[in-house]
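The structure displayed is predicted, hence computed values, not measured ones. Note that the numbering runs from 1 along the sequence shown for the chain.
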Amino acid sequence: MNTLKNTLFALTIATAAISAAHAADYGQVVGNNYSDRVINLDAGTRYVNVTNGETVQFVQQGKSFTWHFDTYPNVTEVDLKKIAPAGFDAGAIEVYVASNPLYRG
């Protein structure tokens, strides 16, 4: 039963994230099966650092979603609320996106 609930929650997250038009400017949601790293969030988290092109799983209070960052070169900061799916408490967390040397021409 718990596995079914987790699967349904993951599908809800994926659907909500995909439908958010503004989120596409920052990348896309991907399945929780793959991530470059996991970032555990708690009440004290105010910011996290990622690199453009990185895939990160965000975990908080038993809920998670995985995001592949693919931002425009001038985007260096993203409010986590803009990419987090409905039901994921993103609070006031800022995501600082570092440029990726592989993307430079």
Side-chain angles (χ1 to χ4, degrees):
M1 181 69 169
N2 201 18
T3 302
L4 177 60
K5 286 171 60 176
N6 289 342
T7 301
L8 291 174
F9 179 75
L11 289 173
T12 301
I13 287 174
T15 302
I18 289 170
S19 66
H22 58 23
D25 291 341
Y26 310 115
Q28 63 186 353
V29 70
V30 296
N32 281 341
N33 297 338
Y34 175 79
S35 64
D36 295 320
R37 67 186 170 117
V38 175
I39 297 178
N40 291 298
L41 307 171
D42 60 36
T45 305
R46 298 291 171 243
Y47 68 90
V48 297
N49 295 305
V50 302
T51 301
N52 198 17
E54 185 175 26
T55 303
V56 178
Q57 182 181 28
F58 295 97
V59 178
Q60 183 178 51
Q61 299 175 348
K63 295 181 181 178
S64 67
F65 75 99
T66 303
W67 189 265
H68 174 76
F69 287 89
D70 186 12
T71 64
Y72 294 109
N74 64 333
V75 175
T76 59
E77 187 176 331
V78 177
D79 184 348
L80 188 61
K81 286 181 186 175
K82 289 184 178 180
I83 62 172
F88 190 92
D89 182 13
I93 300 171
E94 291 295 321
V95 180
Y96 294 101
V97 184
S99 63
N100 187 329
L102 298 175
Y103 290 2
R104 294 183 190 147

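With no hydrogens or angles considered, a side-chain donor-acceptor pair links Tyr34 and Asp36 at under 3.5 Å. Side-chain contact check for Thr71 and Asn52: at least one donor-acceptor pair (N or O, by modelled atom type) lies under 3.5 Å.
Inter-residue side-chain proximity for Thr55 and Val30 is flagged as met; some heavy-atom pair is nearer than 4.5 Å. Contact annotation: the side chain of Val95 approaches that of Phe69 to within less than 4.5 Å [non-hydrogen atoms, C-beta and beyond]. Side-chain contact between Val78 and Trp67 is absent, with no heavy atoms from C-beta onward closer than 4.5 Å.
A distance of 5.0 Å separates OH in Tyr72 from CG in Asp25, rounded to the nearest 0.5 Å. The structure places CZ of Arg46 at 12.5 Å from CG of Leu80, a figure rounded to the nearest 0.5 Å.
Residues Lys82 and Tyr26 approach most closely at NZ-OH, 3.7 Å, considering heavy atoms. Residues Ser64 and Gln57 share a closest heavy-atom pair of OG-NE2, 3.3 Å. Heavy-atom minimum distance, His68 versus Gly53: CE1-O, 3.0 Å. Minimum heavy-atom separation, Phe88 to Gln60: CZ-CB, 3.8 Å. For the residue pair Ser35 and Thr66, the shortest heavy atom distance occurs at CB-CG2, 4.0 Å. Thr45 and Val48 make their closest contact through CG2-CG1, 4.0 Å (heavy atoms, listed as atom of the first residue, atom of the second, distance).
For residues 35-59, every residue pair satisfying the ring-ring contact (aromatic ring centres under 6.0 Å, His included) rule, not counting sequence neighbours, is listed here: Tyr47-Tyr96, Phe58-Phe65. Counting only residues at least two apart or in different chains, salt bridge (Lys or Arg N to Asp or Glu O under 4.0 Å) contacts with residues 85-101 are absent.
Residues meeting the side-chain hydrogen bond (donor to acceptor under 3.5 Å, both in side chains) test with Arg37, sequence neighbours left out: Glu54.
With hydrophobic clusters built from ILVMFWY side chains whose heavy atoms lie under 4.5 angstrom apart, Val59 does not share a cluster with Ile39.
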